[in-house]
Amino acid sequence: MEKNISKVYEPQNFEKEIYAQWEADKNFHTTADRAGEPYSIVIPPPNVTGQLHMGHALDETLQDILIRYHRMRGFNTLWMPGCDHAGIATQAKVEESLRGEGTNRYELGREKFLERVWQWKEKYGSRIMYQLRTLGASCDWERERFTMDEGCSAAVRKVFISLYNEGLIYRGNRITNWCPKCNTALSDIEVEHLTEQGHLWHLRYKFKDSDEFVEVATTRPETMLGDTGVAVHPDDERYKNLVGRTLILPVVNREIPLFADEYVDKEFGTGAVKVTPAHDPNDFEMGLRHNLPQVKVINNDGTMADGLGKYSGLDRYECRKVLVEDLKAAGVLVSTENHEHAVGHCSRCGTTVEPLVSEQWFVKMESLAAPAIDAVKTGKLKFVPERFTKIYINWLENIRDWCISRQLWWGHRIPAWYCDDCGEMIVSEKNISECPHCHGKNLRQDEDVLDTWFSSALWPFSTMGYPEDTPELKKFYPTSTLVTGYDIIFFWVSRMVMMGLKFQGDVPFRTVFIHGLVRDELGRKMSKSLGNGIDPVEVIDKYGADSLRFMLVTGNTPGNDLRFSWQRVESARNFANKIWNASRFLLMNLENFDANFKPSDEDLTLADKWIISRLNRTAKGVTDNLNKFELGEAARLMYEFIWSEFCDWYIELTKARLYGEDVKAKSTALYVLNDVLEKSLRLLHPFMPFLTEIIRQKLPNVEGSIMLADWFNGGEVDENSESEMNLIIDVIKVIRNLKSEVGVEVRKKSEVILKVSNIDAEKVLKSNLIYVTELSAAEPITFTEEKPQHALAGVVEGVEIFLPLKGLINIDKEVARLTKELEKLRKGISVTENKLKNEKFVAKAPAEVVQSEREKLASAQEKISSVESRIEQLKNL
RNA sequence: GGGAUUAUAGAUCAGUUGGUUAGAUCGUUUCGUUGACAUCGAAAAGGGCACAAGUUCGAGUCUUGUUAAUCCCACCA
């Protein structure tokens with residue numbers, strides 16, 4: 001490989017190549033056979049519906065950071081990749097494409113249709129996996145799984161059968177949420193409740209045997225066709241005497257009872273509720289309690305049922321319009337008022353959900369939820385950030401049975417058969433062709449498939465070989481961390497926990513690391529309908545995967561949403577470019593470097609010791625933050641260290657040695673430059689894998705991929721060198737500052753006079769004067785006991801700095817400038833002064849805090865008096 | 001109806017366990033291009049952390065309340 005690198009950072013030129021290198025050696029990704037403590041993550045399987053979106057990019061980046069970090073630390077890492085078959089979503093996509101061809105799934109038939117979906121899956125599944133590689137995801141590609149592959153399907157069957165045999169799965173004719181457009185049942189959490197402006201229609205239902213009537217209020221007048229009763233509260237005085245009498249349902253002229261039920265709210269509407277057991281969940285319950293018939297008046301496709309005269313066949317909303325007119329004309333409708341209420345919509349297509357009675361399969365949740373609650377309460381499972389614990393527990397504590405059957409074709413078919421000969425239902429793990437009861441051959445398998453989330457719930461162990469007892473399960477279950485968005489805590493996280501506990505006897509993961517949504521630049525959710533989605537692949541093409549990753553991880557805290565920003569992508573790219581060029585600088589200077597050279601401690605200069613100490617401190621901070629899942633903070637520390645310390649200061653500080661004649665000094669500088677850069681690359685690798693890999697491979701004495709290099713935990717911090725170097729840096733800054741304030745170019749050589757009042761400071765300065773000269777063009781530098789008169793003045797702790805600039809000094813202006821400076825200093829210490837004046841503070845605050853405040857005050861006071869005396873001096877000129 | 005989150009420079013956001021003069025990025029102003037980098041360097045202006053009360057020697061950080069925005073949950077027709 002070439003030793004030098006191009007002048008411009010162009011990630012497009014090497015990211016693909018680097019990934020190919022990694023993939024060629026499978027050990028880079030698959031470290032599952034390594035020794036060491038296991039660390040595993042299962043990917044939240046992206047839907048095979050299409051392509052990776054920005055949310056995936058975030059999710060995958062966070063996982064890759066954790067995996068790469070742990071891999072470097074020597075963990076036995078496993079990152080399980082794969083896709084989800086995504087029942088409704090994928091089926092809808094394929095149906096859409098069929099529509100484009102002028103056909104539909106019914107014309108094709110089930111078998112042919114499924115073939116089409118599998119073709120789709122092959123195409124898009126591999127595309128998604130390709131996109132993951134583009135992002136740099138170091139998944140274990142040999143283990144890639146799919147929720148409908150053989151193993152996962154076997155797991156689904158096994159789990160279904162055991163839950164069924166235990167009585168936790170049952171089939172029932174119950175009211176469920178139905179989407180007329182998707183033409184399938186939905187679970188409760190697939191229904192989104194949106195507040196809508198509607199009406200409350202007041203209707204009069206006449207008694208059978210008198211001209212009296214009861215007034216009911218409804219938001220859905222069309223359902224009155226299916227009314228089989230009217231309910232009032234048992235304690236409602238208005239109706240007490242009327243309960244038990246018979247009413248005549250208008251339009252249909254059906255006799256229906258007026259009855260009492262606790263459910264009714266006396267305060268709402270008229271206190272009397274029309275009851276439609278077939279089309280309202282509450283009415284359904286009341287219907288069961290009072291033995292009311294269920295009259296289905298709305299079909300599965302949202303049209304009105306047969307037998308309703310002119311209303312039959314109308315769409316439910318069309319019917320509403322017509323019926324309201326008719327009721328008005330008949331004098332049944334007495335009033336209409338505006339009414340705001342929550343209406344359920346299909347989370348997939350947005351259609352208003354219709355509660356319908358149908359035969360569906362359910363999972364009894366209560367006994368499954370209890371251990372899942374317990375796992376969190378006892379700390380077996382932790383959420384990061386913690387606040388999601390409450391949301392999770394609250395949901396589980398109020399859980400309702402889970403409707404798992406879907407009237408779709410794409411998915412795991414329910415393993416139940418109906419015998420047309422004897423009428424028995426057989427639930428079986430293996431496919432059957434003969435009825436075990438009557439030996440009849442007329443068996444029909446249940447047409448329905450399972451909710452997608454049923455198989456997703458098993459993902460952490462189905463991907464590891466369940467129902468077989470595999471080494472993977474032993475080693476990697478429970479997985480270490482689950483990384484996912486807060487939007488699927490109910491859909492996925494909680495169900496995995498329940499199933500994991502049930503079928504593996506342990507939680508599926510120790511920690512759930514929750515992140516937020518990626519929003520667009522205006523803070524809106526990225527969505528297809530808004531067309532504001534940004535394709536991560538586009539960002540990668542333009543700026544490189546490292547930049548995208550860095551942008552996604554910085555400025556973001558666990559659990560919070562984050563805004564996509566091109567500016568921040570650019571700033572990440574600039575950072576990458578900075579590293580690139582710093583490396584290029586080193587490589588250029590490294591040409592005649594003796595790779596075997598190793599400096600002794602005495603060879604190290606103050607700058608060397610300083611940067612090594614800063615690196616050690618940074619490494620510790622990065623490691624701590626990664627362990628706490630504060631990935632953004634860890635990335636920020638690297639950004640600051642590399643840019644503001646290594647590049648801005650250290651590289652500049654080495655230049656005198658690099659361009660000088662002293663070979664040993666030069667070698668020492670190169671050695672430290674190289675060492676610090678190499679360690680920094682390792683620390684940065686989880687965040688920017690490509691850049692760090694390609695650069696590190698060009699450094700001397702480096703073997704193998706950075707992926708498998710040891711993590712750098714950081715060494716000793718050298719407080720002394722840090723504070724000494726800080727003094728130098730402060731002096732340089734003051735000189736630059738003074739020059740800048742009078743409009744003198746920083747690089748223009750100027751005389752500088754130092755008056756040092758502190759003997760240690762003097763020592764430090766005198767032995768490191770070269771740095772000041774180099775970085776502030778201060779030449780010559782002289783030391784003095786007397787303050788020079790015609791000079792700008794500045795001060796740092798223990799040192800007064802004078803910049804004699806003939807002709808450029810305007811005494812009045814300088815006095816004004818210093819006065820301003822003085823005010824600033826005074827303002828700065830007033831807080832400290834007050835603190836120390838406060839007896840309680842001195843008495844109660846920790847001694848070290850008091851001590852540091854005292855030191856702060858002393859040093860500030862020293863600065864103040866030096867500025868004061870300078871002002872006096874100038875005034876007396 | 002219940003719950004959560006957010007409110008910090010012109011914009012977008014960090015600020016972990018309460019303790020130096022509250023930070024970054026972008027933008028703005030001034031200066032600077034012959035040797036790592038204009039995808040750059042030097043310098044500067046700009047906020048006192050939504051509001052109020054409280055706890056504390058000390059609060060952006062903890063407590064309570066208020067306001068605003070966003071989101072989740074919820075079977076009042």
Side-chain angles (χ1 to χ4, degrees), chain A residues 7-9 189 193 200 216-220 223 231 263-265 267-270 272-276 280-285 339 341-342 344 355 387-388 390-391 394-395 398 486-487 489-490 516-517 521 523 543 554-557 559-563 565 567-568 570-589 624-625 628-630 632-633 636 639-640 644 647-648 651-652 655 659 733 736-737 739-741 743-748 776 824-825 827-832 835 838-846 848-850 852-853 855-856 860:
Chain A
K7 185 165 179 180
V8 185
Y9 166 69
I189 47 177
H193 294 273
L200 199 55
V216 297
T218 180
T219 53
R220 303 198 52 198
T223 61
Y263 162 77
V264 181
D265 179 356
E267 308 304 320
F268 190 89
T270 60
V273 194
K274 60 186 263 321
V275 180
T276 322
D280 181 283
N282 302 307
D283 294 4
F284 180 80
E285 295 298 326
H339 181 65
H341 61 148
R387 70 182 127 95
F388 290 102
K390 253 185 275 176
I391 296 173
N394 182 51
W395 186 74
N398 297 293
Y486 59 71
D487 51 332
I489 291 177
F490 304 144
L517 269 37
E521 305 211 60
Y543 292 94
T554 47
N556 173 231
T557 35
N560 286 352
D561 290 353
L562 112 126
R563 259 182 223 216
S565 150
Q567 275 191 342
R568 288 182 47 236
E570 223 167 282
S571 128
R573 190 272 320 268
N574 293 352
F575 177 49
N577 179 253
K578 189 75 181 175
I579 298 166
W580 187 263
N581 279 292
S583 308
R584 197 165 70 93
F585 170 76
L586 172 64
L587 291 169
M588 281 163 46
N589 282 286
D624 286 349
N625 279 296
K628 287 188 295 187
F629 296 95
E630 295 284 352
E633 186 65 6
R636 192 189 60 82
Y639 183 95
E640 283 189 353
S644 311
C647 292
D648 285 355
I651 288 183
E652 297 305 323
K655 283 183 179 172
Y659 300 146
K733 280 185 172 170
R736 285 174 174 174
N737 220 319
K739 285 184 170 182
S740 177
E741 284 190 49
V744 172
E745 284 174 37
V746 172
R747 290 190 195 173
K748 193 181 168 190
S776 63
K824 225 171 157 183
L825 284 167
K827 205 175 148 199
I829 64 159
S830 64
V831 179
T832 308
K835 269 189 190 172
N838 186 338
E839 283 170 27
K840 286 181 183 168
F841 171 75
V842 179
K844 292 194 177 178
E848 49 191 62
V849 174
V850 177
S852 85
E853 289 294 316
E855 282 165 14
K856 193 169 43 174

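The two atoms that bring A:Arg220 and A:Thr223 nearest to each other are O-OG1, 2.7 Å, heavy atoms only. Here the closest heavy-atom approach between residue A:Tyr543 and residue A:Glu570 is recorded as OH-OE1, 3.2 Å. Pairing each heavy atom of A:Leu200 with each of A:Thr219, the nearest pair is CD1-CG2, 3.7 Å. Heavy atoms only, all atoms of each residue included: A:Ala342 and A:His193 are closest at CB-CB, 4.4 Å. Here the closest heavy-atom approach between residue A:Lys274 and residue A:Asp283 is recorded as O-OD2, 3.4 Å.
For the pair A:Asn838 CG and B:rG58 P, the interatomic distance rounds to 7 Å; values are reported in whole Å. Residue A:Tyr639 contributes atom OH, which lies 17 Å from atom C1' of B:rG15 at whole-angstrom precision. The interatomic distance linking A:His193 (NE2) with B:rC73 (C1') rounds to 9 Å, in whole Å. Here the C1' atom of nucleotide B:rU25 and the CD atom of A:Glu570 are 11 Å apart, to the nearest Å. Rounded to an integer number of Å, the gap from CZ of A:Arg387 to P of B:rU70 is 18 Å. Between the C1' atom of B:rC72 and the CG atom of A:Asn398 lies a distance of 13 Å, rounded to the nearest Å. In this structure, A:Arg563 places its CZ atom 15 Å from P of B:rU6, rounding to the nearest Å. In this structure, A:Asn394 places its CG atom 13 Å from P of B:rG2, rounding to the nearest Å.
The glycosidic torsion of B:rG60 lies more than 90° away from 0, placing the base in the anti range.
Distance from the side chain of A:Lys824 is smallest for B:rA45 among the nucleotides B:rU39, B:rC76, B:rA45. Residue A:Phe490 places its side chain closer to B:rC73 than to any other of B:rU6, B:rC76, B:rC73. The listed nucleotides are B:rA43, B:rA77, B:rG19; the one nearest the side chain of A:Arg736 is B:rA43. Comparing B:rU39, B:rG15, B:rA4 against the side chain of A:Asn577 picks out B:rU39 as the nearest.
Rounded to a whole angstrom, the distance from the P atom of B:rU70 to that of B:rA43 is 42 Å. Comparing the P positions of B:rU63 and B:rU6 gives an interatomic distance of 12 Å, to the nearest angstrom. For the C1' atoms, the distance from B:rU67 to B:rA9 is 23 Å, rounded to whole Å. Atom C1' of B:rU34 sits at a distance of 50 Å from the matching atom of B:rG19, rounded to the whole Å. B:rC57 and B:rC13 have their P atoms separated by 37 Å, given to the nearest Å. Comparing the C1' positions of B:rA68 and B:rU17 gives a spacing of 30 Å, expressed to the nearest Å. Taking atom C1' on both nucleotides, B:rG58 is separated from B:rU21 by 16 Å, rounded to a whole Å. Separating the P atom of B:rA11 from that of B:rC51 is a span of 15 Å, rounded to the nearest Å.
Paired regions of RNA chain B, where each region holds three or more successive Watson-Crick or G-U pairs whose two hydrogen-bonding distances fall under 3.5 Å, are B:1-7 with B:67-73, B:10-13 with B:23-26, B:28-32 with B:40-44, B:50-54 with B:62-66.
In the displayed structure, A:Lys655 atom NZ is contacted under 6.0 Å by more than 12 heavy atoms of other residues, nucleotides or ligands.
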**Request:** Give the C-alpha distance, both sets of side-chain angles, the deciding distance and a yes or no for side-chain hydrogen bond (donor to acceptor under 3.5 Å, both in side chains) between A:Asn398 and A:Asn394.
**Result:** CA-CA 6 Å; A:Asn398 297 293; A:Asn394 182 51; 3.2 Å; yes
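One can find a donor-acceptor pair under 3.5 Å joining the base of B:rU16 and the side-chain atoms of A:Lys628.
Across all strands, A:Ser565 comes closer than 4.0 Å to no nucleic acid atom at all (heavy-atom distances). A:Val842 comes within 4.0 angstrom of no nucleic acid atom, judged by non-hydrogen atoms across all strands. Using a 4.0 Å heavy-atom cutoff across all strands shown, A:Ser852 reaches no nucleic acid atom at all. Among the atoms of the strands shown, none is found under 4.0 Å from any heavy atom of A:Lys739. A:Pro846 comes within 4.0 angstrom of a nucleotide base, judged by non-hydrogen atoms across all strands. Among the protein residues, A:Val264 comes within range of the nucleic acid bases, having at least one heavy atom under 4.0 Å from a base atom. Nucleic acid contact for A:Thr554: none, since no nucleic acid atom lies under 4.0 Å from a heavy atom of the residue. Among the atoms of the strands shown, base atoms are found under 4.0 Å from some heavy atom of A:Arg573.
Distances shown here put a side-chain N or O of A:Asn574 below 4.0 Å from the OP1 or OP2 atom of B:rC40. A:Lys840 has no side-chain polar atom (N or O) that falls below the 4.0 Å cut-off from OP1 or OP2 of B:rC57. The phosphate of B:rC75 (OP1 or OP2) has no side-chain N or O of A:His341 nearer than 4.0 angstrom.
Closest-nucleotide positions on RNA chain B for A:Leu825 and A:Ile189 were compared, and the one nearer the 5' end corresponds to A:Leu825. Comparing A:Thr218 and A:Ala342, the nucleotide of RNA chain B nearest to each residue sits closer to the 5' end for A:Ala342.
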**Item:** Sequence-aligned protein contact record of nucleotides 28-36 of chain B, with B where the base is within under 4.0 Å of a protein heavy atom and S where only the sugar-phosphate is
**Value:** ----S--BB
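Between the side chains of A:Asp561 and A:Tyr486, at least one donor-acceptor pair of N or O atoms lies under 3.5 Å. In this model, a donor atom of one side chain and an acceptor atom of the other lie less than 3.5 Å apart for A:Asn581 and A:Asn577. Neither side chain, A:Ser776 nor A:Lys739, offers a donor N or O lying under 3.5 Å from an acceptor on the other.
A:Ser583 contributes a side-chain N or O that, together with a main-chain N or O of A:Ile579, makes up a donor-acceptor pair within less than 3.5 Å.
The aromatic rings of A:Tyr639 and A:Phe575 sit tilted relative to each other, their planes meeting at an angle between 30° and 60°.
To the nearest 0.5 angstrom, A:Arg568 atom CZ is 15.0 Å from A:Arg573 atom CZ.
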